[in-house]
*Asks:* 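Following this message is one structure expressed as structure tokens.
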Amino acid sequence: MEIKNTQTLGQKLKAYTKSPLSAFLAALVLLSAVITFAVLIFLIVFILIEGVRYITPDLFSFTYTSGNASLMPALINTLTMTAVSLLIAVPLGVFAAIFLVEYAKRGSKLVNLIRIMAETLSGIPSIVYGLFGLLFFATALKWGYSMLSGSFTLVIMILPLIMRTTEEALKAVPDSYREASFGLGAGKLRTVFRIVLPAAIPGILAGVILATGRIVGETAALIYTAGTVAQIPKNLMGSGRTLAVHMYALSSEGLHMNQAYATAVILLLIVLFINWLSGFIAKRIVRG
Amino acid sequence: MNNLKEKGMKIIFLIAACTSVLAVAMICLFLFANGLPAIREIGIFEFLLGERWKPSNSIYGVLPMILGSIYVTAGAIVIGVPIAFFTAVFMARYCPGKIYKPLQSAMNLLAGIPSVVYGFFGLVLIVPAIRSITGRDGRTMLAASLLLGIMILPTVIGVTEAALRSVPESYYEGALALGATHEQSVFFSVVPAAKSGIVAGIVLGIGRAIGETMAVIMVAGNQARMPRGILKGLRTLTSNIVLEMGYAADLHREALIATGVVLFVFILIINLAVSLLNRRTQNGN
């Protein structure tokens, strides 16, 4: 039950004059909230307005030259990287979550260990993933700076996120669904794939979208795994930079600040779209 | 046949579930195996407490970067945590129902903006602003701390808000019934009850700030020397790795990996602190 504050503004102000500390705290709360949201709005509006005029047609040329500093190859690399990473991470994360929710005994030692490790993974900073990717995928497995090294590094990075969101989605499926399925004679596997998983799809999708956001924005984990070549590689064993890496390279070289602005706009637009999409799906979960 | 399929899939699920354990094990193994020999060769005290980092002279002291990371993070906490705390109180206790949803999605957006975009924002706005005030290079500890202070907002706000919301409503109502104002009830009854959750949020924020790389590189100046003040440039552990990994070889490369090991150990300690705090919260309720 929600408690309605029935005081009028005048009564509130009167109460505040009696308790200056309360007035002070209320002012701090309001001020902080205003600062937080003002900073966000300012950041987005600033970059969009300042950057939008630098978006030119030759930014979307399919080959990068030092003249045009085209972001198109990086954009395509981002899509490839996202697709490959999700293709590996989603089944892995979903299967792991299925084990944790549907098969494992609650509170068993193995489950606790897996939980703790997934938690640890989600706290590791992206540069450490980058170092590991460099040492393991690029050097030990001899994949070099390649899209594949980058993708596998990202797989480990987004795995805990997909596991957690899928777990929550599976747990939200009522037990009566499972019982009904068992009652009709379906086996465990059939129940999981035909009954539980379809009901959990929107929740899983929300996790996948969040993961996409992380992949699109990732830089530190990719510089030394996927490398910084500004072209579209011939295959997954070639090096290629994603949009975020492209943007870092441009702004650290300092030669193409206008193009960096434009890239920031494109990145922001993608993030805004991803956010809108996840909000849209979240709304459907609530309704469904 | 069917039974075989059931069993087989169960094993596949189990293997998938163990991937995260394997991943953590591999990360530890590879980082330590590649980093520790360098620390041994340089000497643990020379490495951790050495005040000079001069790869061209084979001097590898990582203390400037350790302090750099700590100072920048401390600055971010000083700037970010008060704002985050009061904003979380606003979200949990003040926010009118109608604008809650939009603000929530704004918060998600703040968390979803890539760190390069934050860094770029710092580079084109915060750095020039500091330069025009001080008249010197704006790439400073202050710029990095300000930017990180903004970047940790969503993390700290999210956890703090959840902690505040998990306090039973009766705490608030009880205080009100005793004649306390709304503010007194919230700050002296609800907030103390949510203490360990709030601390967990701050510690998570610390983890985020220490681990942040790209945004810091773009605004911190990156001079590999002992930090000399708020208005001077400095270099963090994370930046050290990204800046030099591209051309490093042999011992230099291993020393950079060892820098990663130091960072990793910091993060493991922070993770441990968070999970202990969370356990305390759960036991408390």
*Asks:* Please identify, among Leu100(A), Ile124(A), Leu21(A), the residue contributing the most non-hydrogen atom pairs under 4.5 Å to chain B.
*Replies:*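 When all of Leu100(A), Ile124(A), Leu21(A) are compared, Ile124(A) has the most.
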
*Asks:* Counting only heavy atoms closer than 4.5 Å, note whether Pro82(B) contacts chain A via side chain, backbone, both or neither.
*Replies:* backbone

*Asks:* List the steps, then state whether side-chain contact (heavy atoms from CB on, under 4.5 Å) holds for Leu189(A) with Lys5(B).
*Replies:* CA-CA 8 Å; Leu189(A) 201 60; Lys5(B) 207 166 123 197; 4.1 Å; yes

*Asks:* When you measure from the side chain of Glu119(A) to the backbone N and O of Ser275(B), does any donor-acceptor pair fall under 3.5 Å?
*Replies:*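 No, Glu119(A) side chain to Ser275(B) backbone: no donor-acceptor pair under 3.5 Å.
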
*Asks:* Quick check on Tyr261(A) against chain B: is it the side chain, the backbone, both or neither that has a heavy atom closer than 4.5 Å?
*Replies:*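 Both parts, heavy atoms under 4.5 Å.
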
*Asks:* Please check if the number of heavy atoms outside Phe24(A) that lie under 6.0 Å from its CZ is greater than 12.
*Replies:*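 Counting neighbours around CZ of Phe24(A), 12 or fewer heavy atoms of other residues, nucleotides or ligands fall under 6.0 Å, so no.
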
*Asks:* Find the distance between CD1 (Ile114(A)) and SG (Cys18(B)) and round it off to the nearest 0.5 Å.
*Replies:* 4.5 Å

*Asks:* Tell me, yes or no, whether the heavy-atom count around Phe46(A) atom CZ, taken from other residues, nucleotides or ligands under 6.0 Å, exceeds 12.
*Replies:*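 Enclosed: over 12 neighbouring heavy atoms sit under 6.0 Å from CZ of Phe46(A).
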
*Asks:* Do Val271(A) and Pro114(B) have side chains that approach each other closer than 4.5 Å (heavy atoms only, starting at C-beta)?
*Replies:* yes

*Asks:* Only pairs of heavy atoms separated by less than 4.5 Å count here; which of Ile113(B), Leu237(B), Thr238(B) has the most with chain A?
*Replies:* Ile113(B)

*Asks:* What orientation do Phe136(A) and Phe30(B) show, parallel under 30°, tilted 30 to 60°, or perpendicular over 60°?
*Replies:* perpendicular

*Asks:* Between Ala96(A) and Ala17(B), what is the shortest heavy-atom contact and its length?
*Replies:* CB-CA, 3.5 Å

*Asks:* Most heavy-atom pairs under 4.5 angstrom with chain A, which of Phe86(B), Phe90(B), Phe13(B), Tyr94(B)?
*Replies:*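 Heavy-atom pairs under 4.5 Å are most numerous for Phe13(B).
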
*Asks:* Quick check for you: to the nearest 0.5 Å, what is the distance between Leu268(A) atom CG and Leu109(B) atom CG?
*Replies:*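 If we round to the nearest 0.5 Å, Leu268(A):CG and Leu109(B):CG are 7.5 Å apart.
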
*Asks:* Is Phe188(B) close to chain A through its backbone or its side chain, or both, or neither, when contacts mean heavy atoms under 4.5 Å?
*Replies:* side chain

*Asks:* Looking at side-chain heavy atoms only, is the closest gap between Leu25(A) and Val186(B) below 4.5 Å?
*Replies:* no

*Asks:* Counting heavy-atom pairs closer than 4.5 Å to chain A, which one of Tyr118(B), Phe187(B), Phe85(B) comes out on top?
*Replies:* Phe187(B)

*Asks:* Minimum heavy-atom separation for Leu40(A) to Ala106(B), with atom names?
*Replies:*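 Smallest interatomic distance, heavy atoms only, reads CD2-O, 3.3 Å.
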
*Asks:* Are any non-hydrogen side-chain atoms of Leu110(A) and Val21(B) less than 4.5 angstrom apart?
*Replies:* no

*Asks:* Between Leu263(B), Thr181(B), Leu103(B), Asn108(B), which shows the greatest number of heavy-atom pairs under 4.5 Å with chain A?
*Replies:*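 Answer, by heavy-atom pair count under 4.5 Å with chain A: Leu103(B).
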
*Asks:* Could you tell me if the side chain of Phe37(A) sits less than 4.5 Å from the side chain of Leu110(B), heavy atoms only?
*Replies:*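 Leu110(B) does not reach Phe37(A) side chain to side chain.
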
*Asks:* Select one option (side chain, backbone, both, neither) describing which atoms of Ile44(A) are under 4.5 Å from chain B's heavy atoms.
*Replies:*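 Contact with chain B involves the side chain of Ile44(A) alone.
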
*Asks:* Under 4.5 Å heavy-atom distance to chain A, tell me which part of Met26(B) shows up: side chain, backbone, both or neither.
*Replies:* both

*Asks:* Using a 4.5 angstrom heavy-atom cutoff, name the option from Ile150(B), Leu153(B), Asn34(B) with the most pairs to chain A.
*Replies:* Asn34(B)

*Asks:* Less than 6.0 angstrom separating the ring centers of Tyr248(A) and Phe120(B), yes or no?
*Replies:*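 Tyr248(A) vs Phe120(B): aromatic centres not under 6.0 Å.
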
*Asks:* Do you know the tightest heavy-atom contact between Ser105(B) and Asn275(A)?
*Replies:*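 Heavy-atom minimum between the residues: O-ND2, 3.7 Å.
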
*Asks:* Determine whether a donor-acceptor pair (N or O, by modelled atom type, separation under 3.5 Å) exists between the side chain of Tyr224(A) and the backbone of Gly246(B).
*Replies:* yes

*Asks:* Check whether any side-chain N or O of Thr87(B) sits under 3.5 Å from a backbone N or O of Ser32(A) as a donor-acceptor pair, and report yes or no.
*Replies:*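 Here the side-chain-to-backbone pair exists.
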
*Asks:* Do you know which two heavy atoms are closest between Glu183(B) and Ala26(A), and how far apart they sit?
*Replies:* OE2-CB, 3.3 Å

*Asks:* Would you indicate whether the side-chain heavy atoms of Leu123(B) and Met257(A) approach each other to under 4.5 Å?
*Replies:* yes

*Asks:* Pick one of side chain, backbone, both or neither for Ile267(B), based on which atoms fall under 4.5 Å of a heavy atom in chain A.
*Replies:*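 Just its side chain gets close to chain A.
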
*Asks:* Using non-hydrogen atoms and a 4.5 Å limit, figure out which bit of Leu43(A) sits close to chain B: side chain, backbone, both or neither.
*Replies:*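 For Leu43(A), backbone and side chain are both near chain B.
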
*Asks:* Can you tell me how far CE of Met163(A) sits from OG1 of Thr19(B), rounded to the nearest 0.5 angstrom?
*Replies:*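 With rounding to 0.5 Å, OG1 (Thr19(B)) is 8.0 Å from CE (Met163(A)).
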
*Asks:* Pick from Ile270(A), Thr219(A), Val192(A), Leu134(A): which one has the most heavy-atom pairs with chain B under 4.5 Å?
*Replies:*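 So the answer, after comparing Ile270(A), Thr219(A), Val192(A), Leu134(A), is Thr219(A).
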
*Asks:* Less than 4.5 Å to any heavy atom of chain A: does that hold for the side chain of Leu268(B), its backbone, both, or neither?
*Replies:*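 For Leu268(B), the contact with chain A is made by the side chain alone.
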
*Asks:* Counting only heavy atoms closer than 4.5 Å, note whether Thr212(A) contacts chain B via side chain, backbone, both or neither.
*Replies:*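 Contact with chain B involves no heavy atom of Thr212(A) at all.
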
*Asks:* Taking the side chain as everything from C-beta on, heavy atoms only, tell me whether Phe99(A) gets closer than 4.5 Å to Ile12(B).
*Replies:* no

*Asks:* Does any heavy atom of chain B fall under 4.5 Å from the side chain of Phe193(A), the backbone, both, or neither of them?
*Replies:* side chain

*Asks:* Take a 6.0 Å sphere around OH of Tyr100(B) and say whether it holds more than 12 heavy atoms from other residues, nucleotides or ligands.
*Replies:*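 For Tyr100(B), atom OH is crowded (more than 12 foreign heavy atoms under 6.0 Å).
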
*Asks:* Is Leu135(A) close to chain B through its backbone or its side chain, or both, or neither, when contacts mean heavy atoms under 4.5 Å?
*Replies:*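 Both the backbone and the side chain of Leu135(A) come within 4.5 Å of chain B.
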
*Asks:* Under 4.5 Å from any heavy atom of chain B, what part of Leu28(A) do you find: side chain, backbone, both or neither?
*Replies:* both

*Asks:* Counting only non-hydrogen atoms closer than 4.5 Å, does Ile156(A) touch chain B with its backbone (N, CA, C, O), its side chain (CB onward), both, or neither?
*Replies:* side chain

*Asks:* So for Ile47(A), is it side chain, backbone, both, or neither that comes closer than 4.5 Å to the heavy atoms of chain B?
*Replies:*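 Only the side chain of Ile47(A) comes within 4.5 Å of chain B.
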
*Asks:* Pick one of side chain, backbone, both or neither for Ile217(B), based on which atoms fall under 4.5 Å of a heavy atom in chain A.
*Replies:* side chain

*Asks:* Counting only heavy atoms not in Arg139(B), do more than 12 sit closer than 6.0 Å to its CZ atom?
*Replies:* no

*Asks:* With a sphere of 6.0 Å drawn around CZ of Arg165(B), does it hold more than 12 non-hydrogen atoms of other residues, nucleotides or ligands?
*Replies:*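 Check passes, neighbour count above 12.
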
*Asks:* Could you point out which residue of Leu131(A), Val128(A), Ile223(A) forms a side-chain contact (heavy atoms from CB on, under 4.5 Å) with Ile241(B)?
*Replies:* Leu131(A)

*Asks:* What I'd like to find out is whether the side chain of Pro125(A) reaches to under 4.5 Å of the side chain of Glu212(B), using heavy atoms alone.
*Replies:*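 No, every pair of side-chain atoms sits at 4.5 Å or beyond.
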
*Asks:* With a cut-off of 6.0 Å (strictly less than), are more than 12 heavy atoms of other residues, nucleotides or ligands near NZ of Lys188(A)?
*Replies:*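 Yes, the 6.0 Å shell around NZ holds more than 12 heavy atoms from other groups.
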
*Asks:* Drop me the distance from Thr36(A)'s OG1 to Met91(B)'s CE, to the nearest 0.5 angstrom.
*Replies:* 9.5 Å

*Asks:* Would you say that Ile83(B) contacts Leu31(A) through its side chain, given a criterion of any heavy-atom pair below 4.5 Å between the two side chains?
*Replies:*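 A side-chain contact under 4.5 Å is absent here.
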
*Asks:* Checking Ser251(A) against chain B: side chain, backbone, both or neither under 4.5 Å from a heavy atom?
*Replies:* both

*Asks:* Looking only at heavy atoms and a cut-off of under 4.5 Å, which of Met218(B), Met9(B), Met245(B) has the most pairs with chain A?
*Replies:* Met245(B)

*Asks:* Where on Ala140(A) is there a heavy atom nearer than 4.5 Å to chain B: the side chain, the backbone, both, or neither?
*Replies:* side chain

